[in-house]
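In this text, all values refer to a predicted model and were calculated from it rather than measured experimentally.
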Amino acid sequence: MKKVAVLGCTGSIGRQALEVIRANPDKFKVTAICAGRDAVRVAEQAAEFAPDYIGMAEGGAGDKLKGLGVKGRIISGPEASCEIAALEQADIIVNGISGYAGMRPLLAALKAGKTVALANKESIVCAHGLVKDVLAKHGGSIIPVDSEQNAIFQCLAAGSHGEVDRLILTASGGPFRTYTKEQLRFVTPRQAGNHPTWSMGPKITIDSATLFNKGLEIMEASYLFDIPGKRISVLVHPESIVHSMVEFRDGCTMAQLSMPDMRLAIQYALTYPERICGEFGRLSLEKAGKLTFFAPDREKFPALDLAYEALRDGRRLPIAYNGANEVAVELFLQGKIRFTDIWEVVEYAMAHMDKGEITSLDDIEQTDRQARELAMRKGTN
């Protein structure tokens with residue numbers, strides 16, 4: 001039985017990870033859960049799964065947990081997720097923390113030699129150099145949970161790294177793939193929050209609509225699988241059934257197909273290298289009817305070109321791409337900028353960043369701060 005720690009347990013990935021664990025009580029034991037501030041939901045989860053450790057990033061939320069009579073050791077404060085990530089008692093860490101905040105817990109888990117089921121692409125994009133060094137030194141491992149990276153991970157089993165010609169990431173295209181440039185200017189947060197095929201958190205849903213999510217995945221795939229950006233392509237696939245593909249040098253392309261349900265990828269990551277029976281949907285191609293693919297419109301959705309630019313730089317620009325986008329999405333959700341301004345904010349931040357290498361966590365954090373300041377300046381002026 002694997003002992004699992006779930007970071008971001010109240011978010012979309014965390015809740016779905018707990019669903020997988022609930023469905024397989026003979027396979028998994030929840031040894032720890034960790035969240036930010038939602039003490040009521042954490043208390044409900046603790047009552048059901050009886051974890052030994054409960055982490056809350058906000059100290060006040062930890063006090064509230066105690067008042068709710070939660071049993072188990074409560075770890076409160078900004079370092080709670082890092083402490084939970086490095087727990088000796090955990091066999092595998094699910095990192096479902098959204099955005100840049102997931103980076104430090106990932107590094108903490110890998111320094112402790114843990115296997116991480118990673119749903120946080122931003123941490124790889126921003127800290128890829130540090131992650132590579134920590135993996136080499138401490139012997140941890142990463143199994144990607146994002147559906148696209150998980151699909152590539154599975155497809156790569158069909159050949160060696162040297163036999164790979166190209167990685168092909170698929171994208172639903174979001175709800176606005178048929179919109180004109182003019183129509184995109186008037187997209188509202190409510191419209192952008194309705195994804196046509198996936199059920200996700202608010203930030204990643206907006207990123208899917210702008211294709212910034214796919215831009216982050218281009219960089220993540222390059223760093224996770226050691227493939228240069230020029231050999232990574234994107235195809236829009238509205239049905240969201242083919243989750244990604246790997247093209248090998250002999251001309252054979254391997255694809256991973258399944259229902260668009262994140263619990264399938266989470267279960268695979270938790271049980272790897274074993275496959276177990278699942279209850280989260282079987283694919284029926286006869287019901288799907290057809291699978292369609294087409295190239296993304298990179299003029300209407302410039303997030304992809306900005307991602308390739310950031311990947312070519314490989315130093316500060318990936319961090320700027322992520323940090324500026326997080327600020328721009330929040331400004332859009334607050335009604336302070338237009339949907340199409342998100343791209344302009346990120347482009348501005350990338351163009352005005354300081355140059356230089358990234359050699360430490362301090363460098364990453366300083367670069368992230370500068371990117372956010374530049375994004376806020378552009379977005380509020």
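- Using a cut-off of 4.0 Å between Lys/Arg side-chain N and Asp/Glu carboxylate O, Lys290 and Glu239 are scored as not salt-bridged.
- Closest approach of Arg185 and Arg338 over heavy atoms only: O-NH1, 3.3 Å.
- Salt bridge Glu309/Arg312: absent, no basic N to carboxylate O contact under 4.0 Å.
- To the nearest 0.5 Å, atoms CG (Asp297) and CZ (Arg177) are separated by 13.0 Å.
- In summary, the side chains of Gln89 and Tyr53 do present a donor paired with an acceptor at a separation below 3.5 Å, with no hydrogens or angles considered.
- Of all the heavy atoms in Asp313 and Pro318, the pair that sits closest is OD2-CD, 4.1 Å.
- Considering only heavy atoms from C-beta on, Tyr321 comes within 4.5 Å of Val346 through its side chain.
- Remark: Arg282 CZ to Leu264 CG distance equals 9.0 Å, nearest 0.5 Å.
- Using a 4.0 Å cut-off between a side-chain N of Lys or Arg and a carboxylate O of Asp or Glu, Glu274 and Lys2 do not qualify as a salt bridge.
- Ion pairing of Lys137 with Asp133 is absent here, as no side-chain N (NZ or NE/NH1/NH2) approaches a carboxylate O to less than 4.0 Å.
- For the residue pair Asn322 / Lys121, no side-chain donor-acceptor distance below 3.5 Å is found, with atom types taken as modelled.
- Leu107 contributes atom CG, which lies 9.5 Å from atom CG of Leu135 (distance to the nearest 0.5 angstrom).
- A donor atom on one side chain and an acceptor atom on the other are found under 3.5 Å apart for Asn150 and Gln154.
- Residues satisfying the salt bridge (charged side-chain N to carboxylate O under 4.0 Å, His left out) criterion with Glu48, sequence neighbours excluded, are Arg22.
- Considering only heavy atoms from C-beta on, Leu331 stays 4.5 Å or farther from Lys378 through its side chain.
- Pairing each heavy atom of Gln256 with each of Ala151, the nearest pair is OE1-CB, 3.3 Å.
- Clustering of Ile, Leu, Val, Met, Phe, Trp and Tyr side chains at separations under 4.5 Å places Phe294 together with Val236.
- You'll find the side chain of Ser147 reaches within 4.5 Å of the side chain of Met262, heavy atoms only.
- Proximity of Leu306 to Phe212: side-chain heavy atoms (C-beta onward) are separated by under 4.5 Å at one or more points.
- Using cut-offs of 30° and 60° for the angle between ring planes, the Phe332 and Phe339 rings count as perpendicular.
- Note: Ile342 CD1 to Ile337 CD1 = 5.5 Å, rounded to the nearest 0.5 Å.
- Ile276 and Tyr268 sit in two unconnected hydrophobic clusters of ILVMFWY residues. Membership requires side-chain heavy atoms under 4.5 Å apart, directly or through other members.
- Counting only N and O atoms by type, the side chains of Ser233 and Arg166 include a donor and acceptor under 3.5 Å apart.
- Between the CG atom in Leu169 and the NE2 atom in His237 there is a gap of 13.0 Å [rounded to 0.5 Å].
- Connectivity analysis of hydrophobic side chains (ILVMFWY, heavy atoms under 4.5 Å, direct or indirect) links Phe186 to nothing; its cluster partners are none.
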Give the C-alpha distance, both sets of side-chain angles, the deciding distance and a yes or no for salt bridge (Lys or Arg N to Asp or Glu O under 4.0 Å) between Arg263 and Glu279. CA-CA 9 Å; Arg263 293 172 297 182; Glu279 57 178 52; over 6 Å; no
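- Side-chain contact between Leu184 and Phe301 is present, with at least one heavy-atom pair separated by less than 4.5 Å.
- Residue Asp207 holds its CG atom at 4.5 Å from CG of Asn325, rounded to the nearest 0.5 Å.
- Between the His138 side chain and the Val134 main chain, no donor and acceptor come within less than 3.5 Å of each other.
- When side chains are defined from C-beta on, Ile142 counts as touching Val131, because their heavy atoms get closer than 4.5 Å.
- Side-chain contact check for Ser244 versus Leu167: every heavy-atom pair is 4.5 Å or farther apart.
- Within the 4.5 Å cutoff, side-chain heavy atoms of Glu365 are placed close to those of Tyr100.
- Here the closest non-hydrogen pair linking Cys155 and Phe248 is O-CZ, 3.8 Å.
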